[in-house]
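Source: prediction; values computed, not measured.
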Amino acid sequence: MKKVLTAILLSTLFVFSMNTFASAESENIKAQEIVYGLEMDENHVKVLEPVFSEDELKSLTDKGFTLDVITLLVSSGESKEDILKREFVSNSTKHYITTINNPSIQKDYLNLNSKASLPVTSVEEVSYEEYLQRLKEYKERVTIYSDSDKSTTEYKTMTVSVSKKSTGVYTVTNVVDWSTGALNTKEDIIGIGINGNTSPVRGTEYGTQVVRTAVSRTHVQTINYSSSSSKWNRNGDYGLAVDLVDGGVGCIRCQVHKISMMYDIKPNVSSVSLIDAYGHYAHQETTYNVSPSFTISKGVLGISVSQQKDFTIHKPQPHAQMPK
């Protein structure tokens, strides 16, 4: 079955993106990875008519909307007219470098008689400039992954944002962008926490997983998560359990992922002066799948006690807010 990913013209956005983000590798990847104006099935790709003109697209990015959010809104089915009427409120981005020590010990974890513990994982938040520099150095020295490696490093960013519809309803989004392939491609958690002044609007939740090859960055697959997907957790604020696409046998770290989600929120009090959106992401570090049991409340992602050791929670979380 064909899936319309977005209907933004490929050539126009490539020119725009390259001029805008020419100095930043991760932003170039971010621009390239979106399948602008492509409709795909298993065997064919075709370019559709553009939704936005170059001027219209620039007007959105000038407001503060990222290409990721624009693409997510189009992919969710929102009309061009409604997107152009949106008011940008706020966004926040964090850059993470995670280091997993002694990853080969994960083999022992499968042995029920073994007392080996999971690898110790450190999560380091760095500036954008340091992120790009260390990512560049990593790619210059990286070799094929081996179980004998003392550690493995993963690079990713998380961006949470808030925008306002012309109807007065707000939309919160969260995008986790991997710059390197994941050592373990299991079931991760992405979510957005909100404050008590607002409540989720049931039926507006939507998410995507875009998978690309690590070397060429060519598109491999896009998975859409509609509001009817069984992967949503609405126990508290909304979160999504995403089964990362596996590259197959012998394909370790050969794919990169972008995981996105959004939902609408509305005031539950007479006058709202504060809107909060807290980004959440937890990556599963084990060598086998764990279907996570979790809750999200504001700035806290809670994973069941028995599963906490299987996930790396990325902190500090990005926090978008109105007023800024």
Side-chain angles (χ1 to χ4, degrees), residues 94 96 98-100 103 105-110 112 116-123 152 154 156-160 172-178 180-194 200 202 205-211 221-247 252-253 255-263 277-319:
K94 299 291 185 183
Y96 305 100
T98 61
T99 302
I100 307 171
I105 204 171
Q106 295 186 37
K107 291 182 176 180
D108 296 328
Y109 192 62
L110 295 176
L112 297 180
S117 60
L118 280 172
V120 176
T121 302
S122 63
V123 180
T152 184
E154 297 169 342
K156 61 186 76 71
T157 66
M158 178 163 43
T159 301
V160 64
V172 290
T173 65
N174 188 8
V175 180
V176 175
D177 189 1
W178 287 72
T180 56
L183 177 63
N184 292 309
T185 49
K186 307 302 180 183
E187 195 162 354
D188 285 4
I189 301 167
I190 183 173
I192 306 170
I194 57 179
R202 184 68 177 262
E205 58 271 31
Y206 178 78
T208 64
Q209 176 186 178
V210 177
V211 187
Q221 185 177 1
T222 295
I223 299 173
N224 301 311
Y225 304 90
S226 69
S227 59
S228 61
S229 171
S230 62
K231 295 295 186 179
W232 289 100
N233 185 316
R234 305 177 185 89
N235 185 12
D237 302 329
Y238 286 5
L240 181 66
V242 178
D243 189 359
L244 298 188
V245 173
D246 192 342
I252 299 175
R253 305 193 71 162
Q255 294 181 157
V256 291
H257 300 78
K258 176 189 285 293
I259 307 157
S260 306
M261 66 164 288
M262 59 179 277
Y263 64 92
Y278 301 86
H280 296 282
Y281 187 66
H283 177 58
Q284 192 170 157
E285 304 289 2
T286 59
T287 56
Y288 67 99
N289 270 338
V290 174
S291 295
S293 175
F294 66 94
T295 58
I296 294 175
S297 176
K298 299 181 183 178
V300 179
L301 167 61
I303 303 175
S304 65
V305 174
S306 62
Q307 297 176 342
Q308 286 177 4
K309 61 183 179 297
D310 300 320
F311 291 85
T312 296
I313 297 178
H314 291 67
K315 294 181 178 180
Q317 303 99 322
H319 176 205

Side chain to side chain donor-acceptor pair (under 3.5 Å) against Lys94, all qualifying residues, sequence neighbours excluded: Glu125
Polar contact flag, side-chain donor to acceptor under 3.5 angstrom, Arg253-Thr152: yes
All ring pair (Phe, Tyr, Trp, His ring centres under 6.0 Å) counterparts of His283, not counting sequence neighbours: Trp178
Compile the donor-acceptor pairs under 3.5 Å between side chains in residues 294-304 and protein atoms, sequence neighbours left out, one pair per line.
from	atom 1	to	atom 2	distance (Å)
Ser304	OG	Gln307	OE1	3.1

Any donor-acceptor N/O pair, Asn174 side chain to Gly191 backbone, under 3.5 Å: yes
Backbone of Met262 reached by a side-chain donor or acceptor of Glu205 within 3.5 Å: no
Side-chain heavy-atom pair Ile100, Glu154 within 4.5 angstrom cut-off: yes
Minimum-distance pair of heavy atoms, taken over all atoms of Tyr263 and Pro200: CE1-CB, 3.7 Å
Positive for side chain to side chain contact (heavy atoms under 4.5 Å, CB included) with Val172, one of Asp237, Ile192, Val160: Ile192
From CA spacing to verdict: side-chain contact (heavy atoms from CB on, under 4.5 Å), Gln284, Val290: CA-CA 8 Å; Gln284 192 170 157; Val290 174; 3.3 Å; yes
Donor-acceptor pair between Tyr238 and Asn233 side chains, under 3.5 angstrom: no
Side chain to side chain contact (heavy atoms under 4.5 Å, CB included) partners for Ser229, two or more places apart: Tyr225, Lys231, Trp232
Phe311 side chain reached by Pro292 side chain, heavy atoms, under 4.5 Å: yes
Polar side-chain atom of Tyr281 near backbone of Gln317 as donor-acceptor pair, under 3.5 Å: no
Beyond-backbone contact of Asp177 with Lys156, side-chain heavy atoms, under 4.5 angstrom: no
With sequence neighbours excluded, residues passing side chain to side chain donor-acceptor pair (under 3.5 Å) with Gln255: none
Atom of Thr98, atom of Val123 and distance for their closest heavy-atom approach: CG2-CG2, 3.8 Å
Heavy-atom check, side chain of His280 versus side chain of Ile190, under 4.5 Å: no
Residues in side chain to side chain donor-acceptor pair (under 3.5 Å) contact with Ser228, at least two apart in sequence or another chain: Ser226
Cationic N near anionic O, under 4.0 Å, Lys186 to Glu285: no
Side chain to side chain, His257 and Thr185, heavy atoms closer than 4.5 Å: yes
